[in-house]
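Below: one structure, written as structure tokens.
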Amino acid sequence: MTVLLGYLHEILQGLTTTLSLFLISLVIGFVAATIVAAFQIRFPGVLAGAVWSLMFCIRGVPLLLILYVVYYGFPLLPFIRETALWTVFASPYWCAIICLAFVEMAFTSEIIRGAYYQTPKEQVEAARSLGLSSFQTFRVAILPAMLRNGFPPYTTEVILLCKSTALAFTITVMDIMGYANEIRARTLDIYQPLLIAGAIYICTVVVTRLILSSLFNMIAVGGAETADQK
Amino acid sequence: MLDYLTSGWGLQFLRAIGTSLTVAALSFVFCILIGILCTLLSRNDFRGSASLVNLYTYVFRSLPDILLLILIFYSLDGAIQSLLNRLPGSSDIRLNAYVPAIMSTSIVLGAYATELFKAGWADIPKGQFEAGQALGFTRVQSLVLVILPQVYRKIIPHLGSLSLISMKETALLSVIGIPDIVRTASIGARSTGSPFVFYGIAIAIFVIFAILCSRVFAYLESRARAGAQ
Amino acid sequence: MTEGSPAPAIEISSMSKWFGPFQVLDDIDLKVMPGERIVVCGPSGSGKSTMIRCINGLEPFQKGRIAVHGQELIQKARTLDAVRKNVGMVFQQFNLFPHLTVLDNCTLAQRWVHKVPRAAAEKIAMAQLEKVRIPEQSRKYPSQLSGGQQQRVAIARSLCLRPKVMLFDEPTSSLDPEMVREVLDTMADLARDGMTIICVTHEMGFARGIADRIVFMDQGKVVEEAPPAEFFDKPREARTRKFLDQVVR
């Protein structure tokens with residue numbers, strides 16, 4: 001029992017790393033995804049098509065491979081090695097965040113795009129016919145529908161991101177998985193450290209789900225209200 | 001790049017593609033089977049089975065795949081080793097590393113497949129089951145001839161992304177030392193000192209697979225749509 | 001029209017059924033001779049659909065017995081299959097298989113349940129589609145047909161298995177008004193051919209024209225049972241009169 005508590009204590013040292021990897025890449029990924037999706041929606045054409053294709057390709061490549069490219073490949077590029085970028089790419093932690101955010105952007109932008117195109121045309125037409133400007137139309141008719149349609153797949157995506165942070169240990173980041181794997185290699189205890197780590201991940205996901213669902217309830221109700229007021 | 005491909009690395013990559021595709025295909029098949037089986041269990045009258053299935057999908061959609069892989073990889077090997085030690089006269093047999101790889105991928109993807117099949121199944125009107133009964137089909141016949149084809153038509157696009165995910169999951173094999181596409185690229189990158197060629201090839205392989213995958217499933221979907229609705 | 005056979009096609013004796021604490025069928029007795037055409041009517045919630053769904057084992061019942069052509073219905077797979085081979089069923093919602101063509105809908109059960117070879121099954125299916133007057137639609141999918149056409153396919157699909165009894169569960173209730181006629185005509189053809197029919201319907205014109213006997217149900221009980229002339233012109237029970245006032249106006 002004391003051994004287990006010792007493991008737990010050691011593994012929990014990685015909790016801040018895991019959580020910060022998760023949250024920072026979540027925020028960066030979401031902002032980038034919004035920009036990418038807005039660009040595709042606002043300026044449809046060849047360029048938007050190219051952006052979409054790029055996002056499609058990113059979604060097809062495993063995160064692990066992207067981590068390796070950035071962590072092992074980028075330092076060999078002179079313009080990274082010899083500029084201020086080096087301080088970022090020399091750190092496995094920031095490499096992991098960049099990769100996670102990059103992949104998150106590709107998936108989230110598609111969710112946003114999908115949510116936008118799912119918005120019923122009639123609602124948009126109704127709003128325009130009431131004389132609302134295009135921004136007001138977006139605010140009143142499109143955004144609430146997007147939130148309703150986009151939130152469930154986005155929840156799934158956020159959980160996937162949370163799980164993906166565990167891959168960071170393959171480029172020497174000491175997160176929960178990193179500590180658990182280190183204990184495994186050092187002590188040859190297999191089940192104890194890994195199951196403890198697994199339990200921590202499951203708890204994280206449970207909490208994330210709770211936060212997201214209460215957020216969804218808040219936004220969904222609020223969105224409906226603003227739509228009614230106008 | 002051509003130099004590398006002709007100097008033996010081309011063959012290495014071909015082997016790696018074979019490895020990854022095999023593991024991906026097997027995991028895909030197994031996760032579909034798990035999905036169907038768990039859906040049947042969760043629709044069973046026996047109440048415990050439904051909550052058991054829910055627990056399964058919840059846990060394995062929350063657990064990092066890499067954690068499960070490492071857990072199974074090291075523990076299965078140890079378990080089989082200790083089992084073999086008890087049997088007299090058996091020599092030292094190491095477990096094929098592919099088994100834990102396929103197991104963990106199938107278990108994780110099975111959780112997603114289960115959610116998928118459950119949702120598709122729930123959309124099928126009760127009358128379809130009754131019509132099957134009234135025409136005298138057995139349960140298995142009803143399942144195979146009436147229900148599954150309809151579930152399949154509803155979830156084709158999701159099956160596409162599931163197959164793409166199972167291919168991407170094979171990247172994790174490199175962590176337990178199986179020479180898959182990612183590991184081959186890493187070794188090549190390290191030993192030749194030109195990482196971008198090797199990682200580039202690996203990325204290209206995955207992108208090509210993603211494109212093929214989306215084409216195939218778009219075709220399957222259009223074919224299915226030609227009929228029903 | 002009856003062939004003089006003394007054995008009843010369907011015999012229901014003191015059958016009762018509960019959904020949880022609610023008794024939906026209360027001591028039902030009904031005997032149907034081969035070739036007889038029975039129309040079951042009654043207000044919604046009277047248990048009429050539930051009763052005919054019991055006859056081919058779609059619903060279990062708790063008390064009493066049902067026998068179809070001498071075969072007693074027990075909730076066991078083997079006997080259910082034996083009973084279902086003799087009993088065809090047509091549903092309110094058609095329940096055609098949307099992923100199969102009309103022809104495949106008609107051949108699927110023949111080929112897998114009755115092990116009829118494909119060519120022979122298709123021949124039988126085409127003959128039945130001919131009978132319901134839509135052979136030209138055989139290569140289409142159900143979603144490409146109108147409601148009336150779908151229901152006629154559903155009838156053909158059942159007939160392909162050569163049932164001795166046909167059950168109809170409100171076959172015209174989910175049809176647009178202009179399509180009711182074609183389905184009723186098909187059923188009338190069937191009646192003329194001597195099929196044993198039990199039909200739950202609100203189509204009183206059909207009941208008067210085709211039925212040998214009308215069974216009126218209310219609150220899970222058979223309230224009245226009479227030939228159409230008697231049933232419509234001098235109903236015995238007050239509840240029947242009230243119902244008729246509402247439907248016939």
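Atoms considered below: every heavy atom in the structure, side chains included; atoms not considered: hydrogens, waters and symmetry mates. Naming: A, B, ... by sequence-line order, numbering from 1 per chain.
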[Y] versus [X], side-chain donor and acceptor atoms under 3.5 Å:
X: C:T186; Y: C:D189; result: no
X: B:Q12; Y: B:T184; result: no
X: B:T19; Y: B:D180; result: no

Among [options], which has the most heavy-atom pairs under 4.5 Å with chain B?
options: C:L100, C:L167, C:L96, C:V83; answer: C:L96
options: C:N56, C:L108, C:V87, C:L161; answer: C:L108
options: C:R157, C:Q110, C:K140, C:Q93; answer: C:R157

Atom group of C:F97 that falls short of 4.5 Å from chain B, counting heavy atoms: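 For C:F97, backbone and side chain are both near chain B.
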
Interchain contact, B:Q141 with chain C, by part (heavy-atom threshold 4.5 Å):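 Contact with chain C involves the side chain of B:Q141 alone.
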
Pair B:E130 + C:R53, salt bridge at N-O below 4.0 Å: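 Yes.
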
Basic-acidic side-chain contact under 4.0 Å: C:D81, C:K85: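 Result for this pair is no, no salt bridge flagged.
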
Best-contacting candidate, B:F137, B:F129, B:Y152, against chain C by heavy atom pairs under 4.5 angstrom: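 That would be B:F137.
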
